[in-house]
Visitor: 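So that we are looking at the same thing, I have put the structure below in structure tokens.
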Amino acid sequence: MEHQKYIGELGDWQRSHHCCELTSANIGDEICLMGWAQYRRDHGGLIFIDLRDRNGLTQVVFSPEHNIQAHEQAHILRTEYVLAVKGVVRERPEGMHNAGMVTGDIEILVSEWKLLNTSRTPPFAIEDRLDASENLRLKYRYLDLRRPKLARNFILRHKAVQSVRRFLDEQNFLEIETPILTKSTPEGARDFLVPSRVNDGQFYALPQSPQLFKQLLMVAGMERYYQVVRCFRDEDLRADRQPEFTQIDCEMSFVDQEQVMAMAEAMICRLFKETVDVELPSPLPRMTYAEALRDYGLDKPDTRFGLKLQDVTDVVKGSEFKLFGSAELVKGLRVPNGVDMSRKEIDDLTEFVKIYDAKGLAWIKVKAEGEWQSPIVKFFSEEEKQGLAQRLGMQVGDIVFFQAGPAVMVNTALGQLRNELGKRLGLIDPKKFNPLWVTDFPLLEYDAESKRYVALHHPFTAPVGGVEALQADPGKVLSNAYDMVLNGSEIGGGSIRIHTQEMQQAMFQALGIGEEEAREKFGFLLDALEFGAPPHGGIAFGLDRLIMILTGSSSIREVIAFPKTQKATCVMTEAPSAVAAKQLRELHIRLREKKKD
RNA sequence: GGAGCCGUAGUUAAGUUGGUUAUAACGCCGGCCUGUCACGCCGGAGGCCGAGGGUUCGAGUCCCUUCGGCUCCGCCA
């Protein structure tokens, strides 16, 4: 930091342009740029600096022929020094244009400049060629964010949010804030808790989503609400999951499912147009939950490539091959031109499906007409072989993978295998955006562990058929819920809500939540439903995940300014951390002794 | 709670069946350089091999423990 003595004041200097907006149209203009020294090319007699700001790069030249003092001083410049330059825009000499640079036709001939700050040598280069570990990037996140790629992600994220706000404002939605300190509720994810100082032994919870508040805003007669809102879930992290994340949360009164979906669709279409200039199909394709599971094995199908699953349970029913013959579900996945797959590749895929509880991976290679290579083919009768060939449409050159067993496992393992094959075989066009709606979800799901039904969506989702249907056969009831899926990721989901107290109580009953517990946990909602709650419904989009897909990022961390590590810590601030004993005392908290062996 | 991959100059990596003084590139420092653009040329400095323990005459390398990062399963209405 030996150059600190040269640091000058900004004074009355004002930036006239951003880097990257100057073109040959500006030649001759007197301008002033401010930014960071990206690259330094000091030829002794002539010094080039690529000046970087949020928007891009511009080459500035220090020449002794133009201003000997400015040139002399510029020898001290190092990467990431902050400077202001005044000078004139000029065309680069013939043959010196740089086609790889937006501003490659021009350069700034510096007549005067100021050093605004020095910089330690950064721990990694500030450029898109990634050469730093995740840990280092997170520790110096403010440097990582200087990289153009990340800056672009946040510019796009900003545009997306602005687009949504404009759209929803035009549609007469009101942006209303809801509490961050709220009440812990059963069901759903683990809550983050905040101890109350004023109320000994009691805790707030951070919201997993503003679900109940937005419903209460409907009861309040706000009619249309939205919020770009932070949500918190204390669950383990993934590449696409952070403990705090942002939702675009919407709710509307006096609407049915179609109206909510039409609104959401229009919002997303406009967002795509205004951020990445992509026209999405209108209306968006739709698929029922049952179709998604049948053809793709998952409730969030990636429709950018084929390879649909095929149910062959009936074909092999009662087969001598017991593994298939007596399985609840048997499905095949035909991969055209997969016959050359090596033993090792198949072994890899076998290991892959084992993650999802599959015991193994059966396969058949169609070598030639009527010539199958397979470890399992000997168990099948001629009739079964015929049936399989026909059902799966097997052709010479194919490999077919099979999974047999409990339905959930078969669908999950084969569905995930399908996605994996899509990746490995290069079947996915990374530029493609394939959004679709998944509808007609079951309302409830039986949880073997707690031996009761749990809500697939959440316990405020309206059942199709009302109270009677719910009481008749809870497991069979569908819900008025809908998810938007993009490229195999769930990016949004919503439902029509229960708006009568009678229905809500029937729902709690179906979930095994007693009247007393319902009162204690959701009394305010039940009360509100008794005061003229309008029919209402809504949807929430996961903003981070959406931006992740729009920017082609492989991790959600690339679109969150200050994300957490997989252990939910912040490497930069070192949160979470211990607190002073006094703080704990005020909160009526005593820490337990650490376990010793 | 579980599985896998990773940790070596500032950074990214190489490091053979355990064997001299631990390599390379980039970066950094010094010098030279008036048309470079990831400038170039010459020279130089820079290491707790994540941490702790063990095996061994000898450990970056083998074993155990532990910390951290990433990916995944469980979990995430």
Side-chain angles (χ1 to χ4, degrees), chain A residues 2 38-51 57-66 71 75 78-80 92-101 103-104 107 109 120-140 143 185-191 208-209 211-212 231-243 245 351-358 412-413 416 420 441 443-445 447 449 453-461 479 481 490 493 495 507 511 513 540 542 545 554-555 557 564-567 569 571 574 597:
Chain A
E2 52 175 327
Q38 172 81 24
Y39 297 116
R40 168 178 68 119
R41 293 179 294 278
D42 187 341
H43 291 222
L46 201 58
I47 301 169
F48 299 95
I49 298 286
D50 288 341
L51 193 69
L57 292 174
T58 298
Q59 172 167 286
V60 301
V61 190
F62 299 85
S63 166
E65 282 156 16
H66 186 67
H71 172 263
H75 285 299
R78 299 289 182 273
T79 36
E80 297 310 308
R92 295 193 186 187
E94 189 150 358
M96 299 302 158
H97 291 225
N98 184 344
M101 214 171 159
T103 55
E107 63 190 8
L109 186 60
R120 280 162 58 190
T121 303
F124 51 85
I126 312 298
E127 54 191 14
D128 283 342
R129 286 176 299 121
L130 195 62
D131 70 337
S133 71
E134 193 75 23
N135 209 14
L136 202 68
R137 290 178 59 199
L138 290 174
K139 180 167 178 192
Y140 298 99
L143 298 180
T185 53
E187 309 273 310
R190 193 178 291 112
D191 285 322
Q208 296 178 26
S209 84
Q211 181 59 37
L212 292 171
C231 303
F232 306 86
R233 293 177 192 176
D234 189 5
E235 297 292 348
D236 287 352
L237 287 81
R238 286 287 189 281
D240 64 351
R241 249 163 51 190
Q242 284 271 310
F245 60 98
E351 285 309 305
F352 176 81
V353 294
K354 281 181 180 170
I355 298 171
Y356 304 97
D357 275 347
T412 307
Q416 296 288 358
E420 184 68 14
F441 284 85
L443 182 73
L444 306 169
E445 200 176 28
D447 179 40
E449 202 180 317
Y453 283 105
V454 293
L456 193 76
H457 193 58
H458 58 55
F460 318 108
T461 298
S479 67
E490 184 204 322
S495 62
M507 182 69 176
L511 292 170
I513 300 176
R545 220 176 263 183
S554 54
S555 159
R557 295 184 300 278
K564 304 275 189 293
T565 67
Q566 193 164 50
K567 283 195 71 194
T569 66
V571 191
E574 298 186 306
D597 325 272

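In what follows, every chain begins at residue 1, and chains take the letters A, B, ... in the order their sequences are listed.
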Visitor: In Watson-Crick or G-U wobble terms, both distances under 3.5 Å, what is the partner of B:rG40?
Guide: B:rC32
Visitor: So, is A:Arg41 close to the B:rC39 phosphate, meaning a side-chain N or O under 4.0 Å from OP1 or OP2?
Guide: yes
Visitor: Choose from B:rU71, B:rU36, B:rC76 the nucleotide whose nearest atom is closest to any side-chain atom of A:Ala189.
Guide: B:rC76
Visitor: Expressed in whole Å, how much space separates the C1' atoms belonging to B:rG4 and B:rG10?
Guide: 30 Å
Visitor: Please confirm whether any donor atom in the side chain of A:Glu235 sits under 3.5 Å from an acceptor in the base of B:rG74, or the reverse.
Guide: no
Visitor: Taking 4.0 Å as the cut-off, does a side-chain nitrogen or oxygen of A:Thr569 come that near to OP1 or OP2 on B:rG69?
Guide: yes
Visitor: Among B:rG35, B:rC70, B:rU34, which nucleotide sits nearest the side chain of A:Phe48?
Guide: B:rG35
Visitor: Which part of the nucleic acid, if any, lies within reach of A:Asn98 when heavy atoms closer than 4.0 Å are counted: base, sugar-phosphate only, or nothing?
Guide: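 Base contact.
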Visitor: Given atom CD of A:Gln566 and atom C1' of B:rC73, what is their separation to the nearest angstrom?
Guide: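 Answer to the nearest Å: 12 Å.
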Visitor: Quick check: does any side chain N or O of A:His71 sit under 3.5 Å from a backbone N or O of A:Gly44, one acting as donor and the other as acceptor?
Guide: yes
Visitor: Quick check on B:rG68: is either OP1 or OP2 less than 4.0 Å from any side-chain nitrogen or oxygen of A:Lys567?
Guide: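 So the side-chain polar atoms of A:Lys567 do come within 4.0 Å of the phosphate oxygens OP1 or OP2 of B:rG68, strictly under.
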Visitor: With a 4.5 Å cut-off on side-chain heavy atoms, are A:Gln242 and A:Ser555 touching?
Guide: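 Contact flag for A:Ser555/A:Gln242 side chains = no.
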Visitor: With respect to the side chain of A:Leu136, which nucleotide from B:rC70, B:rU34, B:rU11 is positioned closest?
Guide: B:rU11
Visitor: Round to the nearest Å and state the distance from A:Glu94 atom CD to B:rU36 atom P.
Guide: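 So the two atoms are 14 Å apart, to the nearest Å.
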Visitor: Classify A:Gln38 by what it touches in the nucleic acid, base, sugar-phosphate, or nothing, heavy-atom distance under 4.0 Å.
Guide: nothing
Visitor: I'd like the P distance from B:rU61 over to B:rG27, given in whole Å.
Guide: 31 Å
Visitor: Taking atom C1' in both B:rC62 and B:rA9, compute the distance separating them and give it to the nearest angstrom.
Guide: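 B:rC62 and B:rA9 have their C1' atoms separated by 25 Å.
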Visitor: So A:Asp42, base contact, sugar-phosphate only, or nothing? Heavy-atom distance under 4.0 Å.
Guide: base
Visitor: Give a yes or no on whether a salt bridge exists between A:Asp236 and A:Arg241, defined as a side-chain N under 4.0 angstrom from a carboxylate O.
Guide: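 Looking at A:Asp236 and A:Arg241, the cut-off is not met.
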Visitor: Planes under 30° and centres closer than 5.5 Å, is that true for A:His43 with the base of B:rC39?
Guide: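 By the stated criterion, A:His43 and B:rC39 stack.
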Visitor: Distance check needed: B:rG1 P versus A:Arg190 CZ, whole Å only.
Guide: 10 Å
Visitor: Looking at B:rC72, B:rU71, B:rA38, which one has an atom nearest to any side-chain atom of A:Ile355?
Guide: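 The nucleotide sitting nearest to the side chain is B:rC72.
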Visitor: Can you classify the ring geometry of A:His458 versus A:Phe460 as parallel (below 30°), tilted (30 to 60°) or perpendicular (above 60°)?
Guide: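 Rings of A:His458 and A:Phe460: tilted, 30 to 60°.
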Visitor: Within this structure, what is the CG-to-P distance between A:Asn135 and B:rC70, rounded to whole angstrom?
Guide: 7 Å
Visitor: Describe the nucleic acid contact of A:Pro93 in one word from base, sugar-phosphate, nothing, applying a heavy-atom distance below 4.0 Å.
Guide: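 Counting heavy atoms under 4.0 Å across all strands, the contact made by A:Pro93 includes a base.
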Visitor: Quick one: do A:Glu127 and A:Arg129 make a salt bridge, cutoff under 4.0 Å?
Guide: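 Looking at A:Glu127 and A:Arg129, the cut-off is met.
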Visitor: Please give the distance between the C1' atoms of B:rG58 and B:rU21 as a whole number of Å.
Guide: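 Looking at atom C1' only, B:rG58 and B:rU21 are 16 Å apart.
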Visitor: Between B:rU12 and B:rG74, how far apart are the P atoms? Round to whole Å, please.
Guide: 32 Å
Visitor: Which nucleotide in the list B:rU12, B:rU36, B:rA38 gets nearest to the side chain of A:Tyr39?
Guide: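 Nearest nucleotide to the side chain: B:rA38.
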Visitor: Below 3.5 Å between N/O atoms, which protein atoms pair up with nucleotides 22-30 of chain B? Just atom names and distances, please.
Guide:
{"from": "B:rC29", "atom 1": "OP1", "to": "A:Arg78", "atom 2": "NE", "distance (Å)": "3.1"}

Visitor: Is A:Tyr356 touching bases, backbone alone, or none of the nucleic acid, heavy atoms closer than 4.0 Å?
Guide: sugar-phosphate
Visitor: Choose from B:rG69, B:rG35, B:rC72 the nucleotide whose nearest atom is closest to any side-chain atom of A:Glu134.
Guide: B:rG69
Visitor: Pick base, sugar-phosphate or nothing for A:Asp236, based on heavy-atom distances below 4.0 Å to the nucleic acid.
Guide: base
Visitor: Pairing check on B:rA3: which nucleotide meets the Watson-Crick or G-U wobble criteria with it, both distances under 3.5 Å?
Guide: B:rU71
Visitor: Starting the side chain at C-beta, find the nucleotide from B:rC37, B:rC76, B:rC70 nearest to A:Arg241.
Guide: B:rC76
Visitor: Compare the minimum distances between each of B:rG35, B:rU71, B:rC72 and the side chain of A:Arg557, then state the nucleotide with the smallest one.
Guide: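 Within the option list, the nearest is B:rU71.
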Visitor: Under 4.0 Å between any heavy atoms, over every strand shown, what does A:Glu65 touch: base, sugar-phosphate, or nothing? Just pick one.
Guide: base
Visitor: For A:Arg238 and B:rC73, is the shortest distance between a side-chain N/O and OP1 or OP2 below 4.0 Å?
Guide: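 Checking B:rC73 against A:Arg238, a side-chain N or O does come within under 4.0 Å of OP1 or OP2.
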Visitor: Under 4.0 Å: is that the gap between some side-chain N or O of A:Ser133 and OP1 or OP2 of B:rG7?
Guide: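 For B:rG7, OP1/OP2 do not have a side-chain N/O of A:Ser133 under 4.0 Å.
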Visitor: Expressed as a whole number of Å, how far does the C1' atom of B:rA25 sit from that of B:rG46?
Guide: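 Straight-line distance between the two C1' atoms is 15 Å.
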Visitor: Check the surroundings of atom NZ in A:Lys139: do more than 12 heavy atoms from other residues, nucleotides or ligands lie under 6.0 Å from it?
Guide: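 Open: at most 12 neighbouring heavy atoms sit under 6.0 Å from NZ of A:Lys139.
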Visitor: Rounded to whole angstrom units, what separation is found between the CG atom of A:Leu237 and the P atom of B:rG68?
Guide: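 For the pair A:Leu237 CG and B:rG68 P, the rounded distance is 14 Å.
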Visitor: Between B:rG30 and B:rU23, how far is it from one C1' atom to the other, in whole Å?
Guide: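 One C1' to the other, the span is 24 Å.
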Visitor: Look at all strands and tell whether A:Leu57 reaches a base, only sugar-phosphate, or nothing, counting heavy atoms closer than 4.0 Å.
Guide: nothing
